[in-house]
Structure formats: structure tokens, C-alpha cells
Undergrad: 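Let me give you the structure first, and then I'll get to my questions.
None of these values were measured; they are calculated from a predicted model.
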Number of protein chains: 2
Amino acid sequence: MQQLLDNIAKHVSLTPVEQERVLAFTEIQTYKPKTLLLKEGEVCINSFFVTKGILRSYNIDENGVEHVVSFACPGWWIADMYSFLSQRPGQLYIEVNEEAEVILLSKENRDTLFAEVPKMERFFRILIENSLVANQQRLIDNMSFTAEARYDKFSKKYPDLVHCLPQKQIASYIGVTPEFFSKMKARLLKK
Amino acid sequence: MQQLLDNIAKHVSLTPVEQERVLAFTEIQTYKPKTLLLKEGEVCINSFFVTKGILRSYNIDENGVEHVVSFACPGWWIADMYSFLSQRPGQLYIEVNEEAEVILLSKENRDTLFAEVPKMERFFRILIENSLVANQQRLIDNMSFTAEARYDKFSKKYPDLVHCLPQKQIASYIGVTPEFFSKMKARLLKK
DNA sequence: ATCATTTCTTAATCTAGGTTAAGGACTTCC
DNA sequence: GGAAGTCCTTAACCTAGATTAAGAAATGAT
């Protein structure tokens with residue numbers, strides 16, 4: 001729980017009373033690997049703050065191909081933002097990659113919290129802003145760079161993740177097939 | 001100016017006094033086509049609310065190829081969000097497509113406004129949330145669909161834009177070359 | 001009107017990355 | 001500890017979309 005408060009403290013400073021309110025609205029949970037916290041077609045009731053382990057979100061396209069939308073390590077939030085915000089069925093899966101501990105904040109509680117603790121609305125505003133910027137950068141990168149350059153950027157940005165994720169998930173995140181990813185990696189080793 | 005207030009009213013309801021504050025912090029401007037409101041390497045001081053005309057933002061990659069990041073029609077906001085939020089040099093250009101009238105809100109004024117009129121922070125939080133959702137959807141679409149399907153989605157989502165934008169800009173937005181776009185369109189006509 | 005610039009089209013050729021297939025290396029779980 | 005899955009790799013072949021080039025059509029400036 002302290003991790004969450006530390007995370008919030010990076011952007012806004014809460015009084016002890018406000019911190020209490022935050023904790024009152026959240027709930028802690030642990031999950032085994034491969035647990036699905038959300039499936040396509042379901043409403044994303046909770047957003048998840050990761051304190052241990054790794055989660056990922058992905059969608060599955062018409063051809064049954066999985067596309068990783070995001071990873072979440074300790075200190076990161078994850079949700080199907082479309083579904084969470086609209087409270088309508090979404091298209092994303094959220095799955096536990098590695099034995100995880102997460103803090104849950106439901107849409108309902110989030111909205112109440114915004115009313116009671118306006119600083120938390122600021123906190124999430126800033127979080128979403130950062131998220132938008134990162135997302136827009138990824139879009140630009142996908143349009144501007146080759147798979148090789150995208151992989152290079154990814155490994156520099158998330159050096160830890162490169163070692164603990166299955167390659168097929170990295171391949172999916174940067175937008176190539178596992179086979180091509182494997183070929184590409186072999187090519188890079190020769191240099 | 002009324003357009004801006006109407007737009008805000010869709011998400012939060014301001015008192016007349018609050019509306020006054022908003023207007024006090026904004027400024028109106030008109031621009032000729034091809035005017036560059038922002039260049040790569042510059043700091044994005046203002047965000048722009050379009051009341052007339054069309055703007056677009058794009059970046060230019062290492063090979064000199066332009067990639068359209070977004071269009072903005074009346075009722076839409078546009079900015080280089082990375083640069084605007086961090087007040088550091090950005091990579092985007094913002095250009096006037098069609099004779100435009102826009103309302104300017106600087107980063108500085110926005111932050112003051114947030115402190116004076118908390119509802120405006122809520123307004124922008126909601127705007128950014130929607131923006132993030134749209135952006136994430138575009139990312140997923142780019143990974144999941146062919147150029148043809150992306151074009152189809154685009155023309156259904158923005159039927160008006162299809163008619164008033166140069167094809168090369170649409171091609172760039174959906175992520176293909178103008179040549180391929182032209183070929184694709186010819187193919188679609190045969191069906 | 002006319003020259004210049006930009007945009008669009010068509011066609012030939014090329015390539016980054018996809019597909020299919022098959023074997024080997026790890027896990028995982030009775 | 002062995003059967004059944006996953007995951008990773010390699011290789012041959014395939015295709016969506018890029019590149020190059022060149023002409024036609026539209027737009028704009030003088």
C-alpha cells in the first residue's frame with residue numbers, strides 16, 4: 001500500500017487524512033501467473049496498480065493474432081481505458097505474466113475519490129497525460145521506424161523487461177511476428 | 001468564443017464568473033493556409049482550439065517522410081502534447097490546412113486556470129482521457145488491420161474529412177505512401 | 001493566359017516482414 | 001520421468017506495401 005502512496009506523492013502531496021481516504025477506496029489482491037483479470041467483451045470495472053510481478057494487456061484480432069498493448073511492472077497502472085472510462089464492454093484482455101500483487105481501484109470508487117479528494121483528480125490527470133504522450137510516441141515510432149529500430153528503442157527504454165518477457169510478447173509489442181523477431185535477433189547478433 | 005464555452009459545457013458546467021475567467025486566459029487568432037503554428041525543435045507554448053478551418057500535426061522522420069499525427073476540425077483541440085506538457089522542444093509541426101480561426105490557451109494560463117477554476121482541470125482530464133482512448137484504438141488498428149481496412153474505418157469515422165483533405169495527407173494518417181493509397185483507391189472502385 | 005508547383009495516377013520493380021512448416025529446447029503437470 | 005504443451009529457431013516461399021520514375025491533372029502565382 002505504501003508503494004501506491006509513494007507513487008501518488010511523486011505528483012501531488014496528500015495529507016494523512018487524504019491518504020486514508022485513498023486507502024479506504026482501494027483493495028489489495030494477489031494473482032497467479034496466467035490469471036485473466038479481464039477478457040474481451042467484459043466491462044473493465046477496476047484499474048490495477050501493480051506492486052509486484054508483471055501484467056500485460058492485449059487484444060486478439062480477427063485472425064486470432066494477439067497484439068500486446070501494454071506491459072505493467074511494479075509502480076505502473078493498467079486497465080482497458082476505453083472500457084474502464086465508459087463502463088462498456090471492451091476488447092482487451094489483461095493477464096498476469098508473473099506472480100503478481102496489485103491494488104484495485106474501481107471506476108465507481110475513483111469517481112467518488114475525485115469528488116472527495118480533488119488532488120487525486122489532478123494525480124490521474126497527470127498520469128493520463130503522460131500515458132497519452134507515451135502512446136503518441138509509440139504511434140509515431142511505429143510509422144517512422146523499422147522493426148529493428150523499434151526493438152532497439154524498446155530495449156533501451158525497458159532494459160529489465162527485455163530479459164523477463166517471453167520473446168513472442170516483445171515481438172507482439174513492437175508489431176512483428178515471433179518468427180520475424182527471431183530472424184531479426186539472429187541478424188543483430190552477427191553485427 | 002461561444003464555441004469554446006459550448007464545448008466545455010459538454011463536460012462540465014461553468015458559472016458565468018468561471019466562464020469569464022476562461023475567456024480572460026484565452027486569445028483568438030486567424031491564420032492563412034500553410035501557416036506553421038509550430039515547428040520541430042520549438043517549444044509548444046499554446047494549445048489550439050479550432051473554431052474554423054482545419055489544422056494538422058505531423059512529424060518528419062529521418063528520411064524526410066511526413067507522418068500525420070492528427071487533424072483538428074472546428075470543435076477540436078490540437079497541440080504537441082509532449083512539448084506542451086513538458087515545455088521542452090518537440091518533434092511535431094502544426095500547420096494550417098484551411099483558412100483557420102483558433103483560440104489559444106498557453107501552458108502557463110492553463111495551469112493558472114486549473115488553480116482558479118478546478119472544473120477546468122476536470123474538463124481537460126476528460127478530454128485527455130478521450131484522446132488517450134482514441135489514440136490507443138488507432139495503435140491497435142494499425143497493428144491489427146490492413147491499410148484498406150484502416151482507410152475504411154477512417155472514412156466512416158470522419159466522412160467529412162475524406163472530402164476536404166488532400167489524399168496524401170489521408171495516406172500519411174493511415175500509414176501508407178501516396179502511391180500505394182492511389183493504387184488502393186483504384187482497386188476499391190472496381191468493387 | 002501562362003508558367004511553375006504541387007498533387008494524383010499508373011506501372012515496373014523491390015523489400016521488409018508475413019506465412020507455412022518442421023525440428024529442437026524448455027516447461028509443466030500428472 | 002515421460003507425455004503434452006509452449007516457446008524458439010531456421011528456412012523456403014509469399015505478399016502488402018515501398019520505391020522509383022514519368023506523365024497527367026489540378027492549383028496557384030504573375
Undergrad: Under the salt bridge (charged side-chain N to carboxylate O under 4.0 Å, His left out) definition, can you give me all pairs with a residue in residues 10-24 of chain A, not counting sequence neighbours?
TA: A:E18-A:K119, A:R21-A:E116

Undergrad: Quick check for you: name the first and last nucleotides of DNA chain D, 5' to 3', having an atom under 4.0 Å from a heavy atom of chain B.
TA: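 Both ends considered, the range comes out as D:dG17 to D:dA21.
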
Undergrad: Going 5' to 3' through nucleotides 4-21 of chain C, assign each nucleotide B (protein heavy atom under 4.0 Å from a base atom), S (under 4.0 Å only from sugar-phosphate atoms) or - (no protein heavy atom that close).
TA: ---SSBB------BBBBB

Undergrad: Using a distance-only test with no angle check, is there a side-chain donor-acceptor pair under 3.5 angstrom linking B:N7 and B:Q3?
TA: no

Undergrad: Would you mind checking if B:R122 and A:E121 are paired as a salt bridge, meaning a charged N to carboxylate O distance below 4.0 Å?
TA: yes

Undergrad: How are the rings of A:Y93 and A:Y58 set relative to one another: parallel (under 30°), tilted (30 to 60°) or perpendicular (over 60°)?
TA: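 Because their plane-to-plane angle is under 30°, the rings of A:Y93 and A:Y58 count as parallel.
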
Undergrad: Would you please say whether a donor-acceptor pair under 3.5 Å links the side chains of A:N97 and A:Q169?
TA: yes

Undergrad: Parallel, tilted or perpendicular: which one describes the rings of A:W77 and A:F124, with boundaries at 30° and 60°?
TA: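 Because their plane-to-plane angle is over 60°, the rings of A:W77 and A:F124 count as perpendicular.
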
Undergrad: Would you say the side chains of B:T51 and B:E101 form a donor-acceptor pair under 3.5 Å?
TA: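 Their side chains do contain a donor-acceptor pair, which is all the 3.5 Å distance test asks for.
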
Undergrad: Suppose the criterion is ring pair (Phe, Tyr, Trp, His ring centres under 6.0 Å): which pairs have a residue in residues 16-43 of chain B, not counting sequence neighbours?
TA: none

Undergrad: A side-chain contact here means heavy atoms from C-beta on lying under 4.5 Å apart; do A:W76 and A:F49 qualify?
TA: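 They are not in contact (no side-chain heavy atoms under 4.5 Å apart), so the answer is no.
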
Undergrad: Compute the bend angle of the helix from C:dA1-D:dT30 to C:dC30-D:dG1 from the end axes (five pairs per end), rounded to 10°.
TA: 60°

Undergrad: Side-chain donor-acceptor contacts of residues 128-138 of chain B below 3.5 Å, not counting sequence neighbours, with atom names and distances?
TA:
{"unit_1": "B:E129", "atom_1": "OE1", "unit_2": "B:R125", "atom_2": "NH1", "d": "3.3"}
{"unit_1": "B:E129", "atom_1": "OE2", "unit_2": "A:R110", "atom_2": "NH1", "d": "3.1"}
{"unit_1": "B:E129", "atom_1": "OE2", "unit_2": "A:R110", "atom_2": "NH2", "d": "3.3"}
{"unit_1": "B:E129", "atom_1": "OE2", "unit_2": "B:R125", "atom_2": "NH1", "d": "3.0"}
{"unit_1": "B:N130", "atom_1": "ND2", "unit_2": "B:I126", "atom_2": "O", "d": "3.4"}
{"unit_1": "B:Q137", "atom_1": "OE1", "unit_2": "A:Q91", "atom_2": "NE2", "d": "2.5"}
{"unit_1": "B:Q137", "atom_1": "NE2", "unit_2": "B:D141", "atom_2": "OD1", "d": "3.0"}
{"unit_1": "B:R138", "atom_1": "NH1", "unit_2": "B:V69", "atom_2": "O", "d": "2.6"}
{"unit_1": "B:R138", "atom_1": "NH2", "unit_2": "B:V68", "atom_2": "O", "d": "3.1"}
{"unit_1": "B:R138", "atom_1": "NH2", "unit_2": "B:Y173", "atom_2": "O", "d": "3.1"}

